[in-house]
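Heavy-atom basis, side chains included; hydrogens, waters and symmetry copies ignored.
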Amino acid sequence: MTAKRRILVTSALPYANGPLHLGHMVETIQTDIWVRFQKLRGHECMYVCADDTHGTPIMLRAQSEGITPEQLIARVALEHKADLDAFNIGFDNYHSTHSEENRELTYRAYEALERGGHIERRMVRQAYDEKAEMFLPDRFVKGTCPRCNAANQYGDSCENCGATYSTNELIDPVSVVSGSTPVERESEHLFFKLANFETMLREWTHSGTLQQAVTNKLEEWFSTGLKDWDISRDAPYFGFEIPDAPGKYFYVWLDAPIGYMASFLNLCREHGWGFEAWWKPGSPTELYHFIGKDILYFHSLFWPAVLHGAGFRTPNAVFVHGFLTINGEKMSKSRGTFITASSWREHLPTEPLRYFFASRLGSGLDDLDLGLHDFVTKVNSDIVGKLVNIASRCSGFLARNFDNRLAIKLPEPDLYEEFLHKLPSIAESYEQRDYAGALREIMALADRANLYIDQQKPWLLAKNPERANEVHGVCTQAINLFRILIMLLKPVLPELAGKAEVFLGGHELAWEDVQRPLLGSKVNHYEALATRIDPAAISALIAANQQPQIASTQPATVNTSATTNAIGMSEATIDDFAKLDLRIAKIINAEHVEGTDKLLKLTVDIGPELGTRTIFAGIRAAYEPHQLIDRLTLVFANLTPRKMRFGLSEGMVLAAGSDATDGDKKIFILSPDSGAIAGMKVK
RNA sequence: GGUGAAGUAGCUCAGACGGUUAGAGCGAAGGAUUCAUAACCCUUAGGUCGGCGGUUCGACUCCGCCCUUCACCA
């Protein structure tokens, strides 16, 4: 065990003018996994975050809702916190930038910067909305691009041609706030002289563990020269008023990162911990910020410079990740892939998403794609099919034959050792934020454990009472391998791991605990640790996030790719329908199937052309065999036959049913009107 | 436009400090099995490693150019 580290970690502060979406969750999940990993290894690791609450957008949003900014951010904070909790983001503290701690630290930093000669005042000309009586940020002026004449472009740059310009160059500018034409006004602003810190920043850039791509980007910025940064805004503005400049407020991006410190200060005060020791220059504690690549400039230049200039320590590193795409494309409201965190948790469990993101996250800045189809197969296969399966397939033997007690020694200690030998490299992958690599190794071990069980065949051994010891040994071995896997996956799957710990006897697993196997003790009654994801839930999720398309003036074009209707189901053409061979069928026999309480085995007659078929139908909960015999119904006859453990199912009986999950399933098989006979085609 | 990143099996990605038959997972196909949540296990997949040149005894791996995609531009 290495020396105990003291680590402070943050993820970017979510902006308080709207709900969290899955892009936010990539970041908090990435951060949370890293933090949980550090804690699992026994380090002192604090994870703090906060809502970012200041700025013009929040002020205007509150105005439009007819509430105060304070009311708006209080409500959003509750929403954010509920989402973050649902995804098991284990903050040590979640605070707000609109807090006394933040005001205190922002003033302290500002005063230090001013004393150090890093603040300069000068007049700027800026767009002013006379109707709304406010200065307008660039994003709140729209007009025609002076370069390419594209209409409806923002005041700072053109999305069409990529040109950047200043707001007064815009043709026919309009204030987004009031619709009036902005005028130019002069105002005194405060500037942070970033260039004063070039030497320090260059040193910082090369001192730590910045990702290569980040270093490249910084070099680019250095080479074009560091510009002063306007840190003030005129009233009206929601934020902190500048102490020696009445009517001026700190720009939200000054006090936002200080919000990291404020959240930690809030935590320290609650617990009576020393704040300064973590933030003084040269502190032996470690500081890391997880951010998206869109805010790299703020975190890698302004922020270290502000910290340094204000007499605080600088971060050890910023860890930058890419963006989230869904089904290979940018998140889109019209496609239903702008998925909010809250709608995800309404439709789907959150841990599988943690797992999926982890399986795709490396240490680089690459974008990460959430392919929803991949998500379902990956998660079902890895978590249920592989991981949980190990415990599931052994627990029965332990319960039936050994009173849930584990054997007192492992039959294959070498295999156990083999697992332990993998721990250091898995730890290194986690440490480097290469979760995809870590999970690859962990899942390879899960395969190894399943293979072991398969080779030992406890189900065969169990038939011979004299070989009970061997069965016991195999299960004990497998459960112990499972225990290692659970420990390794705790950072990613805290909830599943918690349930597994209960099954294993109730002790919380730390990294070192698996050095010794669990022997001779009792395990608890096994309960399903995870359930498969139903692809239908994905469709429902997409539908729920779909915003109505603006009616198109173009007639709908014929399109071979799947389209989606209002409730999120794929549309199908008449040609698609023609692929289905639907037939009237007569049920000539129905019987229970040994070993299942879901299925009935049906023999159906679908006419002279196709003859009789065997179909297994999951309708036992609703029908007794005698109720079905001699009935007519509808059968999907050219469904690909499916091999089941009870035999081959050669079709599907059509039935209507609710998706009730309370076990009381209502199922109704379909019947034709009288006159129809077996074999008729449905069209 | 500038800059950066990336283009490897159907999909998502590893890897390759230049050197025998380029890997994994998922999907798909075949087989075995029946302990396990219609779960598991085994085998198979023949991809000119974006294109064209160059360096080299030898390049997917180095260099140049081109194409495509994505991102950033305070």
>> Nearest whole Å is fine: how far is B:C73 C1' from A:Phe298 CZ?
In response: 12 Å
>> What's the gap between B:G15 and B:G27 when it is taken at their P atoms, as a whole Å value?
In response: 23 Å
> With both distances under 3.5 angstrom, what nucleotide forms a Watson-Crick or G-U wobble pair with B:G4?
Replying inline: B:C70
> Heavy-atom count around A:Glu466 CD within 6.0 Å, excluding the residue itself: above 12?
Replying inline: no
> A:Ile453 has a side chain; which of B:U34, B:C35, B:C41 sits nearest to it?
Replying inline: B:C35
> What's the CG-P distance between A:Asp294 and B:U3, to the nearest Å?
Replying inline: 22 Å
>> Heavy atoms from C-beta onward define the side chain here; which of B:G27, B:C42, B:C40 lies closest to that of A:Asn389?
In response: B:C40
> Base, sugar-phosphate, or nothing: which does A:Phe323 touch, judged by heavy atoms less than 4.0 Å apart?
Replying inline: sugar-phosphate
> Just how far, in rounded Å, is C1' of B:G4 from CZ of A:Phe222?
Replying inline: 16 Å
>> Using atom C1' in both nucleotides, what's the gap between B:G51 and B:U69 to the nearest angstrom?
In response: 15 Å
Between the protein and nucleotides 22-25 of chain B, list every N/O to N/O distance that falls short of 3.5 Å.
| residue | atom | partner | partner atom | Å |
| --- | --- | --- | --- | --- |
| B:G25 | O3' | A:Lys386 | NZ | 3.2 |

> Touch check for A:Lys293, heavy atoms < 4.0 angstrom, all strands: base, sugar-phosphate only, or nothing?
Replying inline: sugar-phosphate
>> Are there over 12 heavy-atom neighbours, none belonging to A:Lys142, within less than 6.0 Å of that residue's NZ?
In response: yes
>> Suppose you measure atom C1' in B:A45 against the same atom in B:C26; what distance do you get, rounded to whole Å?
In response: 13 Å
>> Work out how far the C1' atom of B:C67 is from that of B:A29, and round it to whole angstrom.
In response: 35 Å
> When rounded to the nearest 0.5 angstrom, what is the spacing between CZ in A:Phe192 and CG in A:Leu301?
Replying inline: 10.0 Å
>> Between C1' on B:A39 and CD1 on A:Ile533, what's the gap in Å once rounded to a whole number?
In response: 15 Å
> So what does A:Gly396 hit on the nucleic acid, given a heavy-atom distance under 4.0 Å: a base, only sugar-phosphate, or nothing?
Replying inline: nothing
> B:U61 and B:U8: how far apart are their P atoms, nearest whole angstrom?
Replying inline: 14 Å
> Of all heavy-atom pairs between A:Phe298 and A:Pro304, which one has the smallest distance, and what is that distance?
Replying inline: O-CD, 4.5 Å
>> Closest approach to the side chain of A:Asp454, judged atom by atom: which nucleotide of B:A36, B:C26, B:C41 is it?
In response: B:C41
> Hey, mind stepping through A:His472 and A:Asn401 against side chain to side chain donor-acceptor pair (under 3.5 Å) and telling me if it holds?
Replying inline: CA-CA 8 Å; A:His472 203 187; A:Asn401 307 327; over 6 Å; no
> Taking for each residue the nucleotide of RNA chain B bearing the nearest heavy atom, is the 5' side occupied by A:Ala446 or by A:Asp369?
Replying inline: A:Asp369
> Quantified in whole Å, what is the C1' atom distance between nucleotide B:A6 and nucleotide B:A14?
Replying inline: 15 Å
>> Whole angstroms only, please: what is the CG-C1' distance between A:Leu368 and B:A5?
In response: 15 Å
> Roughly how far apart, to the nearest Å, are B:C60 and B:C49 at atom C1'?
Replying inline: 5 Å
> Paired with B:G58: which nucleotide, if any, by Watson-Crick or G-U wobble criteria at under 3.5 Å for both distances?
Replying inline: none
> Within this structure, what is the CZ-to-P distance between A:Arg532 and B:A36, rounded to whole angstrom?
Replying inline: 15 Å
>> Base, sugar-phosphate or nothing for A:Leu529? Non-hydrogen atoms, less than 4.0 Å.
In response: base
> Between A:Glu527 (CD) and B:A36 (P), how many Å, whole number?
Replying inline: 17 Å
> Watson-Crick or G-U wobble partner for B:G23, using a 3.5 Å limit on both distances?
Replying inline: B:C13
>> For residues 440-449 of chain A, which residue pairs pass the salt bridge (Lys or Arg N to Asp or Glu O under 4.0 Å) check, not counting sequence neighbours?
In response: A:Lys386-A:Asp447, A:Glu418-A:Arg448
> Which nucleotide, in any strand shown, forms a Watson-Crick or G-U wobble pair with B:G47, with both distances under 3.5 Å?
Replying inline: none
> RNA chain B: A:Gly385 or A:Trp459, which has the more 5' nearest nucleotide?
Replying inline: A:Trp459
> If you check the A:Val388 side chain, which of B:C41, B:C35, B:U37 turns out closest?
Replying inline: B:U37
>> If I take atom CZ from residue A:Phe338 and atom CD1 from residue A:Ile542, how far apart are they, to the nearest 0.5 angstrom?
In response: 13.0 Å
> Can you tell me the Watson-Crick or wobble partner of B:G53, both distances under 3.5 angstrom?
Replying inline: B:C63
> Taking the same atom, P, in B:G7 and in B:U12, what whole-Å distance lies between them?
Replying inline: 12 Å
>> Show, in sequence, the C-alpha distance, side-chain angles and deciding distance for A:Glu198 and A:Arg202, and conclude whether the salt bridge (charged side-chain N to carboxylate O under 4.0 Å, His left out) test is met.
In response: CA-CA 6 Å; A:Glu198 178 163 352; A:Arg202 282 187 185 273; 3.1 Å; yes
>> As a quick check of understanding, evaluate ring-ring contact (aromatic ring centres under 6.0 Å, His included) for A:His24 and A:Tyr15, giving each step before the final call.
In response: CA-CA 10 Å; A:His24 292 108; A:Tyr15 201 49; over 10 Å; no
> By side-chain hydrogen bond (donor to acceptor under 3.5 Å, both in side chains), which residues pair with A:Arg532, not counting sequence neighbours?
Replying inline: none
> Tell me: CG of A:Leu324 to C1' of B:A71, nearest whole Å?
Replying inline: 14 Å
> Base, sugar-phosphate, or nothing: which does A:Ala530 touch, judged by heavy atoms less than 4.0 Å apart?
Replying inline: base
